[in-house]
Number of protein chains: 2
Amino acid sequence: MTPPPSADPSRAELAAESWEALFRAQSALLRRFAADDVWDPISLREYDVLFTLSRRPDRRARLRDLNREVLLSQPSLSRMVERLEAAGLVAREPDRADGRGTVVVLTEAGAAMQRTVGRRHTTSIRRYVGPALDDEELRTLRRLCDKLRLAQESIPD
Amino acid sequence: MTPPPSADPSRAELAAESWEALFRAQSALLRRFAADDVWDPISLREYDVLFTLSRRPDRRARLRDLNREVLLSQPSLSRMVERLEAAGLVAREPDRADGRGTVVVLTEAGAAMQRTVGRRHTTSIRRYVGPALDDEELRTLRRLCDKLRLAQESIPD
DNA sequence: CCAATGTTCATGCAAACGCATCGACTTTGG
DNA sequence: CCAAAGTCGATGCGTTTGCATGAACATTGG
């Protein structure tokens, strides 16, 4: 009479539906942001890299560590950093603690770019996310998404 | 003494933090799915197209309507459908009601592919989403994400 | 101590992407 | 009714991406 808890099909469906809702909400918002030209003159992925660096102590990170946070293959990130360096937004230096490593540092111009695009980004978020959910719902959404993401660290490969 | 409600900076921050949490949770999970080779032999975006078609009546949709649901530029979707047709997963036909339109139809092979990949996808979701949140949290997450997405329809450009 | 293994980043290359644009068709307004 | 404007999908083209691989360095185990 009681269904087995770990193989409960309705629970699998529930998880799938929740993921699908998350995925579609994200797509819908990214489309909105793109329509607002939020990212110009850089791309979303480039902004993600600049943003990630801006939150690091000393605004710097190993390429490998950056790659753990950004959804991009290692070669793609390597070339993107190359382009960002050519644009003067980041600098690369060898890692003195590990001869294999490359440290990526946000330049002042890169930090300024992150702030400029970040402000536009925030304006769009206020516009498209703000009216959709009240404060309590926003806090709940943030809490559940953080919980979902952080739980990944304790789930084996 | 009372801050203006529409320009409340803490609310803008809250919305930004919620969006960031959503974005990062999605990235973390997509990375997990990729590591499991969930999508093979098609890509996530291709699966998204097959999945979207599979949920439509008659498993068919105008290219333009597909493009509204998938996060992809119109030319990219056009070429992807071209490739999917070459692979035998979809078929294209002219729209008899509108001479400009192209209707994309999921073939039997395409539906089978969607089911096969969908099952792997569901397995991964159960593995990575299931343990992270309980039933109540899953329902709440789904509700908030749906609300966020659906609210976009009533927010002007 | 050093040979074997693992890790980190860069590069060659083909595939896929977005932007700009075009031709074909539809809709609108006088 | 037709000219003007709008919509839909395809294609040329430069850019970006991922996969496979290589070179340099670090770590491990005997």
Side-chain angles (χ1 to χ4, degrees), chain A residues 27 30-50 52-53 60-87 89-105 157, chain B residues 27 30-50 52-53 60-87 89-105 157:
Chain A
S27 292
L30 283 180
R31 184 184 303 277
R32 287 292 215 172
F33 297 157
D36 273 6
D37 285 325
V38 159
W39 314 110
D40 187 71
I42 57 179
S43 70
L44 161 63
R45 285 163 156 165
E46 286 167 337
Y47 175 75
D48 197 15
V49 168
L50 297 185
T52 303
L53 281 174
R60 61 176 59 218
R62 285 277 301 263
L63 202 56
R64 180 72 181 90
D65 296 326
L66 260 184
N67 203 185
R68 272 186 254 267
E69 300 201 32
V70 176
L71 193 60
L72 209 56
S73 72
Q74 178 272 314
S76 296
L77 178 59
S78 188
R79 284 192 224 267
M80 178 186 290
V81 166
E82 192 175 292
R83 294 192 299 270
L84 290 173
E85 184 177 41
L89 302 177
V90 305
R92 298 156 114 172
E93 354 179 307
D95 185 351
R96 275 174 296 197
D98 185 339
R100 298 166 302 180
T102 296
V103 176
V104 186
V105 194
D157 295 331
Chain B
S27 293
L30 283 181
R31 184 185 304 277
R32 287 293 215 171
F33 297 157
D36 272 6
D37 284 325
V38 159
W39 314 110
D40 187 71
I42 58 178
S43 71
L44 161 62
R45 285 163 156 167
E46 287 167 336
Y47 175 75
D48 196 16
V49 168
L50 297 185
T52 302
L53 281 175
R60 62 178 57 217
R62 285 276 301 262
L63 202 56
R64 180 71 179 92
D65 296 326
L66 261 184
N67 203 187
R68 271 187 254 267
E69 299 200 34
V70 175
L71 193 60
L72 209 56
S73 71
Q74 178 271 313
S76 296
L77 178 59
S78 186
R79 290 202 159 97
M80 178 185 290
V81 167
E82 191 176 294
R83 293 192 299 271
L84 290 173
E85 183 176 42
L89 302 177
V90 305
R92 298 155 114 171
E93 358 179 303
D95 185 352
R96 273 174 298 194
D98 184 340
R100 297 166 301 181
T102 296
V103 176
V104 186
V105 193
D157 296 332

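So you know, we letter chains A, B, ... as the sequences are listed, proteins then strands, and number each from 1. Note that these values count all heavy atoms, side chains included, but never hydrogens, waters or copies made by symmetry.
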Rounded distance in Å - [atom1] ([X]) to [atom2] ([N]):
X	N	atom1	atom2	answer
Glu82(A)	dT17(D)	CD	P	12 Å
Met80(A)	dC9(C)	CE	C1'	16 Å
Leu44(B)	dT17(D)	CG	P	16 Å
Asp98(B)	dG9(D)	CG	P	8 Å
Arg92(A)	dT8(C)	CZ	C1'	13 Å
Leu72(A)	dA16(C)	CG	P	17 Å
Glu85(A)	dC9(C)	CD	P	14 Å
Asp48(B)	dA16(C)	CG	P	17 Å

Residue Ser78(B), side-chain atoms from C-beta onward, closest of dT11(D), dT16(D), dC17(C):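 For the Ser78(B) side chain, the nearest candidate turns out to be dT11(D).
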Side-chain N or O of Arg83(B) closer than 4.0 Å to phosphate OP1/OP2 of dC17(C): yes
N or O in side chain of Arg62(A) less than 4.0 angstrom from dT7(C) OP1/OP2: no
Under 4.0 angstrom, heavy atoms only, what part of the nucleic acid is [X] near: base, sugar-phosphate, or nothing?
X	result
Thr102(B)	sugar-phosphate
Ser76(A)	base
Arg79(B)	base

Residues Val90(B), Leu50(B); criterion side-chain contact (heavy atoms from CB on, under 4.5 Å); working and verdict: CA-CA 8 Å; Val90(B) 305; Leu50(B) 297 185; 4.0 Å; yes
Distance in Å, Arg64(A) CZ paired with Leu77(A) CG, rounded so as to fall on 0.5 Å steps: 10.5 Å
Distance (rounded to the nearest 0.5 Å) between Asp48(A) CG and Leu72(A) CG: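 Separation between the atoms: 9.0 Å.
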Given DNA chain C, 5'-ward residue of the pair Arg100(B) and Gln74(A), judged by closest heavy atom: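 Closest to the 5' end, via its nearest nucleotide, is Gln74(A).
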Sidechain-backbone polar pair: Asp98(B) side chain, Arg100(B) backbone, donor-acceptor under 3.5 Å: yes
Closest-nucleotide ordering on DNA chain D, the 5'-leading residue of Ala97(A) and Arg45(A):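 Closest to the 5' end, via its nearest nucleotide, is Arg45(A).
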5'-most by nearest nucleotide on DNA chain D - Gly99(A) or Glu46(A): Glu46(A)
Sole residue of Val105(B), Val104(B), Thr102(B) in side-chain contact (heavy atoms from CB on, under 4.5 Å) with Glu93(B):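 With Glu93(B) as partner, Val105(B), Val104(B), Thr102(B) yield a single side-chain contact (heavy atoms from CB on, under 4.5 Å), made by Val105(B).
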